[in-house]
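Below you'll find the structure, written out as structure tokens, and then a few comments.
For ligands, and for the atoms within them, numbers begin at 1 and follow the listed sequence.
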Amino acid sequence: MKKIIMTGGGTAGHVVPNLAIMPHLKKLGYEIKYIGSQNGIEREIIEGKKIPYFPISSGKLRRYFDWKNFTDPFRVGAGYFQALGILKREKPHLVFSKGGFVSVPVVAAARTLKIPVLAHESDLTPGLANKLALRFVDHLLVTFPDTMSKVSGKGILVGSPIREELFQGDRKRALDLCGFTEDKPVLLFMGGSIGSMKINETVWSALYELLTDYQIIHLCGKNNINPQYKDLKGYRQFEYVGEEMKDLLSAADFIVARAGSNSIFEFLALRKPHLLIPLSAASSRGDQIENAESFEKEGYSMVLREESLTKDTLLMSLKSLSENKNSYVEAMNRSSLGNTTGKIMELIEKYAK
Ligand SMILES: CC(=O)N[C@H]1[C@@H](OP(=O)(O)OP(=O)(O)OC[C@H]2O[C@@H](n3ccc(=O)[nH]c3=O)[C@H](O)[C@@H]2O)O[C@H](CO)[C@@H](O)[C@@H]1O
């Protein structure tokens, strides 16, 4: 039996693609184990799937000043030796990394032990973790064609792995879950896997206007539920959803979201008309802006910059999205970007030795 160790974490964007690949690995009889951080979102998600999970200590790759920047190198160092111990004991045929800060010591340890490593990058410009990991990996599988020139000849273009279950969503089940009816279209707000206070606050400020036209599902992130609107008819908040995601996406007639790579490829695959509000360059490396612009250029997405986000611009953009929804759906129908788990599985089979 072949064994694979997966890693990746920090936010769900660095974990969910691994979930998309797991059923295919299981079908081929792979034994799957996971290395992640002690407290990251990956622990809850992976342990919930009953996959053996090894926590290691990890730091955070910050681009800003924080006292922890001085202690984190020691934690990353400890993480490397812990990963080395786990990999020596487990002897996997391959390590598959989805990036995020916890993955760097894992791929470095795999390289020390000469275990083949494949990593996947979701964003147009690779994240810091995958940039650091590049020297340790056999190949970096990329999502966007434009990324190929940025990864030192190690890139293989595969696209975004999407969870198969998302294509089996049930609209009716979501309407029942939310206490909604068929009377009004459903609008889904999604501030990325950790939620977005900026989007949340704009939704709350426009809530009563929005509710005249829509029923609203709001994924607001951990600890962000607004108690004031808990029992409001036609409005349903969730912190983070697991299994229910497929049904909520199926029920959504329109989506307003951050531009995390996995999310936008899911909207594309499901042909959902959407408005993207990418995380601003002031609070990130600007990866979501690039993701969003590339989708806007293809005609798949409408984009509203965070700097211009107000109650009024949100309402105006939604009006325009609704009026032009057919042209967005037509552009998405022309896309040849399909599901990519098949391509990724071929590469895993080739390198798992
Ligand atoms: C703040 C931050 O660092 N964001 C980054 C993070 O975003 P983030 O973690 O938000 O990642 P994505 O939007 O790419 O993916 C989120 C995934 O979580 C799922 N989901 C979300 C909410 C929920 O309640 N349930 C659920 O299952 C979505 O369907 C999707 O599959 O990783 C992305 C991929 O590298 C980057 O593009 C983002 O810039």
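- At under 3.5 Å, not a single nitrogen or oxygen of E239, backbone or side chain, sits near a nitrogen or oxygen of ligand 1.
- In this structure, F295 and F265 have perpendicular ring planes: the angle between them is above 60°, well past the 30° mark.
- Of all the listed residues (I264, L249, D123), D123 holds the heavy atom that lies closest to atom 34 (C) of ligand 1.
- The proximity of V16 to ligand 1, defined as any non-hydrogen pair under 4.0 Å, is limited to the side chain.
- The part of N291 lying near ligand 1 is the side chain, judged by heavy-atom distances below 4.0 Å.
- With hydrogens and angles left out, the side-chain atoms of S250 and R171 include no donor and acceptor closer than 3.5 Å.
- Among all heavy-atom pairs drawn from R305 and I289, the shortest one is NH2-CG2, 3.4 Å.
- You'll find the side chain of D176 reaches within 4.5 Å of the side chain of K172, heavy atoms only.
- Nearest protein heavy-atom contact of atom 39 (O) of ligand 1 is D287 OD2, 2.7 Å.
- Under 4.0 Å from ligand 1, the heavy atoms of R163 that appear belong solely to its side chain.
- Looking at L279 next to ligand 1, no N or O pair under 3.5 Å apart turns up.
- Interface of V241 with ligand 1, defined as ligand atoms under 4.0 Å from a residue heavy atom, comprises 23 (C), 24 (O), 25 (N), 26 (C), 27 (O).
- Within the 4.5 Å cutoff, side-chain heavy atoms of L211 are placed close to those of I216.
- Of all heavy-atom pairs spanning T7 and Y34, the tightest one is C-OH, 3.6 Å.
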